[in-house]
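On a predicted model such as this, the values are computed, not experimentally measured, just so you know.
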4 protein chains.
Amino acid sequence: MRQKKPKYIQIIDAAVIVIAENGYHQAQVSKIAKQAGVADGTIYLYFKNKEDILVSLFQEKMGVFIEKIEEEIKSKKNAADKLYSLIDKHFTLLSEDHHLAIVTQLELRQSNKDLRLRINEVLKGYLNVVDKIISDGKENGEFREELDVRLARQMIFGTIDETVTTWVMNDQKYRLTDQTKKVHDLFVNGLSTKN
Amino acid sequence: MRQKKPKYIQIIDAAVIVIAENGYHQAQVSKIAKQAGVADGTIYLYFKNKEDILVSLFQEKMGVFIEKIEEEIKSKKNAADKLYSLIDKHFTLLSEDHHLAIVTQLELRQSNKDLRLRINEVLKGYLNVVDKIISDGKENGEFREELDVRLARQMIFGTIDETVTTWVMNDQKYRLTDQTKKVHDLFVNGLSTKN
Amino acid sequence: MRQKKPKYIQIIDAAVIVIAENGYHQAQVSKIAKQAGVADGTIYLYFKNKEDILVSLFQEKMGVFIEKIEEEIKSKKNAADKLYSLIDKHFTLLSEDHHLAIVTQLELRQSNKDLRLRINEVLKGYLNVVDKIISDGKENGEFREELDVRLARQMIFGTIDETVTTWVMNDQKYRLTDQTKKVHDLFVNGLSTKN
Amino acid sequence: MRQKKPKYIQIIDAAVIVIAENGYHQAQVSKIAKQAGVADGTIYLYFKNKEDILVSLFQEKMGVFIEKIEEEIKSKKNAADKLYSLIDKHFTLLSEDHHLAIVTQLELRQSNKDLRLRINEVLKGYLNVVDKIISDGKENGEFREELDVRLARQMIFGTIDETVTTWVMNDQKYRLTDQTKKVHDLFVNGLSTKN
DNA sequence: GATGAATGAGGGTTCATTCAT
DNA sequence: CATGAATGAACCCTCATTCAT
């Protein structure tokens with residue numbers, strides 16, 4: 001029973017497991033408390049309410065996510081290489097944590113509009129990283145000048161997200177990281193042969 | 001009070017309005033009935049249960065959606081033109097029905113896994129249209145041979161979906177259709193200048 | 001489709017079948033109407049409300065029941081013989097109509113107090129027949145003078161009823177009429193050897 | 001507000017009162033909770049669902065019932081005396097708790113087949129006591145050898161039950177215990193003078 | 001800090017009955 | 001006489017949150 005982790009983290013990790021295994025709507029506070037090995041009431045010493053658990057979960061996990069991606073792309077010089085690293089790391093990190101993949105791709109989306117807006121706030125950090133890559137690419141001539149950064153970011157994020165979601169919905173049966181190269185190629189070169 | 005529309009359609013239209021204005025979790029059957037101008041019990045003469053209203057709503061609206069898109073692209077010869085029409089029609093149709101846009105992009109996603117799976121079934125019709133365009137493009141040499149159709153489809157759908165969702169979340173403040181050309185350009189030509 | 005029977009009887013017979021096959025709480029008016037081959041609304045041309053169907057059902061069937069029993073015992077001279085005939089006819093009639101047995105022994109008892117009071121009114125005709133047998137028996141010296149007629153009647157009816165109910169609950173697996181003699185013997189001679 | 005009784009008992013007692021005073025179909029969970037002085041939700045900390053309240057009620061009360069009867073007849077040597085005690089105690093216990101009498105004789109019988117089957121399970125304990133008395137009586141020569149135990153039990157239980165029900169339906173206007181002797185006499189000696 | 005028993009608001013669905021045709 | 005579409009009241013149960021210990 002040695003739980004070195006502070007209760008705050010203990011509870012968030014418990015929430016990920018409970019939500020992944022039971023689904024968003026079956027993830028009662030009491031279940032999370034049980035999984036975390038604390039009393040129901042204890043939850044409320046660390047979180048304002050249930051929504052706060054979920055936002056914190058997202059912040060905590062997404063924070064690590066962004067840190068690792070930034071770490072990874074720091075060493076790359078080209079925007080295209082950075083983009084490759086981002087896709088690769090994104091796929092890799094979610095492949096390594098199946099529970100987290102289910103929670104972020106499927107379950108947390110069932111939350112109401114308010115919660116999703118707050119989750120979007122957290123997501124902005126990630127989207128800023130993408131924006132930076134695109135801007136850098138435009139500046140150094142790798143990417144086309146006329147690109148609309150927001151649209152390009154929506155393509156990149158939308159595609160990655162859709163790809164991961166499809167993979168999760170297929171019960172993670174194939175290797176997500178096998179798709180990195182092809183996704184990157186699509187981003188950089190598009191569909192057309194005419195280029 | 002002249003209601004020419006059959007009750008089935010009346011109720012679905014009412015559901016769209018109620019869900020758009022109140023949110024998925026605040027869309028009680030009694031509210032939908034009131035909006036439709038019928039008694040609560042009447043709902044159950046036309047729908048098996050509440051979930052059935054939502055699935056039917058999606059089928060009905062998405063059915064029209066697909067029909068109109070197919071109609072639109074039928075006249076186009078090039079895959080690239082067809083893709084343009086698809087994006088354009090997708091954006092146009094949702095721009096013309098703000099309520100429906102809110103419902104499909106935000107609210108219906110809060111439904112539970114069962115409902116989402118049934119909604120995905122309906123979506124397949126749309127995704128098949130996209131797949132067809134990509135395959136056709138590969139065959140006639142417009143698109144690259146080595147394209148992975150599923151991935152390309154995920155890019156197209158993921159991007160369009162993300163674009164619309166962002167637009168809805170920004171309260172539909174700008175004109176979605178203004179983005180058609182740029183989205184299409186991204187799909188066809190990618191990010192890179194190197195082409 | 002030749003339905004010679006008047007609708008009134010048609011509906012009562014339908015009610016017996018529907019209740020026996022679906023249970024009291026699953027015997028909706030619409031089901032009875034369907035079984036009777038009439039529209040829901042038609043029921044209300046012949047019966048005041050649902051309760052009226054059930055009371056009428058009981059009156060109609062119990063009326064025949066009493067008539068047949070009275071017919072049967074008319075020819076008997078002894079009270080003991082009359083009692084035997086009554087038991088025998090009671091068992092026989094219910095054995096011959098399994099649906100009716102289920103309805104009267106199990107299903108109709110689930111009705112509310114009001115309905116049961118009205119059913120008891122109908123039952124009085126039957127109980128009067130029993131009372132008459134007992135009184136006659138006392139008068140002609142067959143039965144003991146000191147008998148409390150009401151109690152004796154409660155014994156006879158309670159025992160017969162319990163016996164039939166047990167038989168119905170055991171899915172009518174054995175022959176009810178095989179018990180006539182032993183039940184009669186119990187009534188007449190009691191448990192004791194001392195007599 | 002000193003409520004020494006555990007909540008479980010508190011709720012069952014409340015259920016007896018509410019059902020007796022309002023009838024089975026008007027005994028809403030919220031009414032029972034109010035009568036018990038607890039919140040609606042508290043009910044579900046002690047009972048799985050509404051049916052569970054009713055089955056538990058029957059088990060709890062019938063358990064006491066059987067215990068007291070067994071206690072009472074233990075000291076009697078004769079089967080006839082035991083039978084007398086059983087009738088007497090049965091009548092006495094229900095006379096002392098008018099609410100319980102209404103609930104067991106009238107209201108609980110309106111429950112659906114499932115619940116009634118579960119109630120019958122509980123009843124078996126009582127019926128076994130009766131069977132034992134009859135068997136003992138046969139063995140020691142008090143009762144006739146040729147008696148069918150099941151039939152004799154059906155007579156005893158059916159008669160007692162019918163007697164109590166009639167008494168309850170007559171609003172418990174007369175003293176039930178006044179009938180003990182006569183009922184016992186009927187059981188032992190039967191109707192006939194010929195003995 | 002930690003507990004967990006208690007709270008109580010909220011909604012999908014059924015079905016007897018009506019009444020315009 | 002007959003129809004059957006429409007009505008609308010009524011209730012069990014869950015679970016996030018609190019607070020006395």
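- Remark: nothing in residues 12-24 of chain D comes within less than 4.0 Å of DNA chain F through any heavy atom.
- Here the closest non-hydrogen pair linking D:Leu108 and D:Leu54 is CD1-CD2, 4.4 Å.
- A search for side chain to side chain donor-acceptor pair (under 3.5 Å) contacts involving A:Arg118 returns A:Glu51, not counting sequence neighbours.
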Side chain to side chain contact (heavy atoms under 4.5 Å, CB included) between A:Leu94 and A:Thr104, worked out:
CA-CA 9 Å; A:Leu94 287 178; A:Thr104 58; 4.2 Å; yes
Could you spell out the base pairing of DNA chain E as a dot-bracket line? Use Watson-Crick and G-U wobble contacts where both distances are under 3.5 Å, [ ] for crossing pairs, | for partners on a different strand.
.||||||||||||||||||||
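- The closest donor-acceptor contact from the side chain of A:Asn120 to the backbone of A:Leu123 lies at 3.5 Å or more, if one exists at all.
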Could you give the side-chain donor-acceptor pairs of residues 37-46 of chain A under 3.5 Å, partners two or more places apart or in another chain?
{"from": "A:Thr42", "atom 1": "OG1", "to": "A:Ala39", "atom 2": "O", "distance (Å)": "3.4"}

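- When rounded to the nearest whole Å, the span between CG of C:Leu115 and C1' of E:dA16 equals 15 Å.
- Between B:Ser111 and B:Ile119 the shortest heavy-atom distance is OG-CD1, 4.4 Å.
- Counting only distance, with no hydrogens or angles, the side chain of B:Lys50 and the backbone of B:Ala27 share a donor-acceptor pair below 3.5 Å.
- Here the shortest heavy-atom pairing between C:Leu106 and D:Arg116 reads O-NH2, 3.3 Å.
- Scored by the ring-ring contact (aromatic ring centres under 6.0 Å, His included) test, C:Phe47 finds C:Tyr8 as partners (sequence neighbours excluded).
- Smallest separation of non-hydrogen atoms from D:Ala14 and D:Gln35: CB-CG, 3.5 Å.
- Looking at every heavy atom in both residues, D:Gln110 comes nearest to C:Asn112 through OE1-CA, 3.3 Å.
- Residue order along DNA chain F, read from the 5' end via each residue's closest nucleotide, puts C:Ala39 first among C:Ala39 and A:His25.
- Annotation: ring pair (Phe, Tyr, Trp, His ring centres under 6.0 Å) contacts involving residues 18-39 of chain C, sequence neighbours excluded, comprise C:His25-D:His25.
- Within residues 42-60 of chain B, the residues that have a heavy atom under 4.0 Å from DNA chain E are, in order of number, B:Tyr44, B:Asn49, B:Lys50.
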Kindly list each side-chain donor-acceptor pair under 3.5 angstrom involving residues 15-22 of chain C, sequence neighbours excluded, with atom names and distances?
{"from": "C:Asn22", "atom 1": "ND2", "to": "C:Val18", "atom 2": "O", "distance (Å)": "2.8"}

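- Scored by the side chain to side chain donor-acceptor pair (under 3.5 Å) test, A:Gln28 finds A:Gln26, A:Lys31 as partners (sequence neighbours excluded).
- Listed by residue number, the members of residues 26-33 of chain D with any heavy atom below 4.0 angstrom from DNA chain E form an empty set.
- Partners of D:Lys7 according to the side chain to side chain donor-acceptor pair (under 3.5 Å) rule, which considers only residues two or more places apart in sequence or in another chain, do not exist here.
- Mapping heavy-atom proximity under 4.0 Å, the span of DNA chain F touched by chain D runs 5' to 3' from F:dC11 to F:dT14.
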